[in-house]
Each structure stands twice: as C-alpha cells, then as structure tokens.
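Worksheet: the structure to be examined is printed underneath.
In what follows, residues are counted from 1 in the order of the sequence shown. Because the structure is a prediction, the values reported are computed rather than measured.
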Amino acid sequence: MDIGVISVRYARALLKGALEAGLEDAVYGEMLLLAKSYVEVPQLRQTIDNPMLSKQAKQSLLETAIGGPRASAVGKSFVALVLREDREDLVQFMANSYVTLYRKQKNIIRGKLTTAVAVSPVTEQKMRLMVESHAKGTVEFETEINPDIIGGFILEYDTYRMDASVKTRLSSILSQLRK
C-alpha cells in the first residue's frame, strides 16, 4: 500500500477517536510535537526504524516525543496501535496527516510574518486579525526575524504573499534604473 494512503487512514482514525474523546486539541498538540521531534532530532527516525530495538523501548520513545507523562490516553493508545501493527516507520507521516486533517476540519490557516526587527505583540495581533478577516478562519501565526529584508515586512498565508520589505522595494527600483 501507499505510504500516503496508510498514514491518512491512521490519521483519520486518530482524529475520529480524539473527537469522540473530546481530546482532538490535545492530540493536535501531541502530533505537532511528534512531527517537530522528527525534524529536530533526525536520530529519532533511525532509532524507531531500528529492528533491534524492542517495541517497549520504541513505545517509551514515542510517548516521550508526544509529551511524556502529559500525553493523552488517546495519544498513548495510538502509539501502542501503531507499534502493534508494525507501522512505526510511518508514524511521522501519520502525525503530519493528522495535523493537516485537524487544520482542515477546524478551518485553521498557517500564516507567517517576517520582519527585520521584532514587532510588538499588539502589531502581531493586528496582522493576525487582518489575515483572519480575509481568510475567514483561524490563523496559526509564526513570526520570523530576518534582518536581510532591511525593513518592512513579508506576510504569507494560505497561497498569498504580501512583500512590503525594503529589500524588495530597493531591488525593484534598481531593476527599473537598469532598463
């Protein structure tokens, strides 16, 4: 079977179970944490994929990756199911699929604000509200500081990108002068 098909099936089952238990938000946080753990700790994949490591050790590692002692019962039973079915090699894809399904169901859009210097929480909130009013949904906002843009900002969400950076303006002026 296809990796995508399998991971989406498991993610749908997890979302259904989490909704029934009223823990979909907690499980969302756990799956975000798990996906982030795979990205930030590349050895996690190698360790989980190691056939010499016991299922119990893998379960302990994966439960730690979803929050350790604070992990929900749904999250822990999901990890146990994945291991019982010998699908641990796909758990990262399952976590990412859950995140995607959850965001779609809750109408959550990812947004990113890039500025040359840190902005105040008030400014960030205004940008978030502006995006939410245009996008007609909740926005998960990520902010990034990139001094290379010199000033202004770059706002990205959904398929939109608004580049109001000084660097882009200067590049535009420079290209017009070269004509």
Study note, to complete from the structure: Which of K112, R110, R161 passes side chain to side chain donor-acceptor pair (under 3.5 Å) with E156? It is R161

Review point. Is a salt bridge present between E30 and R70, judged by a nitrogen-to-oxygen distance below 4.0 Å?
Key: no

Exercise for review: Could you tell me whether K76 atom NZ has more than 12 heavy atoms of other residues or ligands within 6.0 Å of it?
Suggested key: yes

Review point. Do L101 and I109 share a hydrophobic cluster, counting only Ile, Leu, Val, Met, Phe, Trp and Tyr and linking them when any side-chain heavy atoms are less than 4.5 Å apart?
Key: no

Check your understanding: Just checking, any donor-acceptor pair under 3.5 angstrom between side chains of Y38 and N96?
Key -> no

Study note, to complete from the structure: In short, side-chain hydrogen bond (donor to acceptor under 3.5 Å, both in side chains) pairs touching residues 50-61 with sequence neighbours left out are K55-D86, K55-E88, K58-E88, Q59-E63

**Study point:** Atom pair CG (L129) and NE2 (H134), whose distance is rounded to the nearest 0.5 Å
**Key:** 11.0 Å

Review point. Between Y28 and Y98, what is the ring plane arrangement, given parallel below 30°, perpendicular above 60°, and tilted in between?
Key: tilted

Exercise for review: Indicate whether the side chain of T168 and that of S165 have a donor and an acceptor atom separated by less than 3.5 Å.
Suggested key: yes

Review point. Within a strict 4.5 Å, meaning less than it, do heavy atoms of the L155 and F141 side chains meet?
Key: yes

Check your understanding: Are L113 and R128 close enough that some pair of their side-chain heavy atoms sits under 4.5 Å apart?
Key -> no

Practice item. Look up atom CZ in F153 and atom CD in E124, then write down how far apart they are to the nearest 0.5 Å. Key: 13.5 Å

Review point. With a 4.5 Å heavy-atom cut-off, do I154 and M162 have their side chains touching?
Key: no

Check your understanding: Say you draw a straight line from CD1 of I6 to CZ of R87; how long is it, rounded to the nearest 0.5 Å?
Key -> 4.0 Å

Check your understanding: Any side-chain heavy atom of F93 within less than 4.5 Å of one from L90?
Key -> yes

Practice item. Determine, using the 4.5 Å side-chain heavy-atom cutoff (strictly less than), whether V166 and V119 are members of one ILVMFWY cluster. Key: no

Check your understanding: Any luck finding a side-chain donor-acceptor pair between T100 and S97 under 3.5 Å?
Key -> no

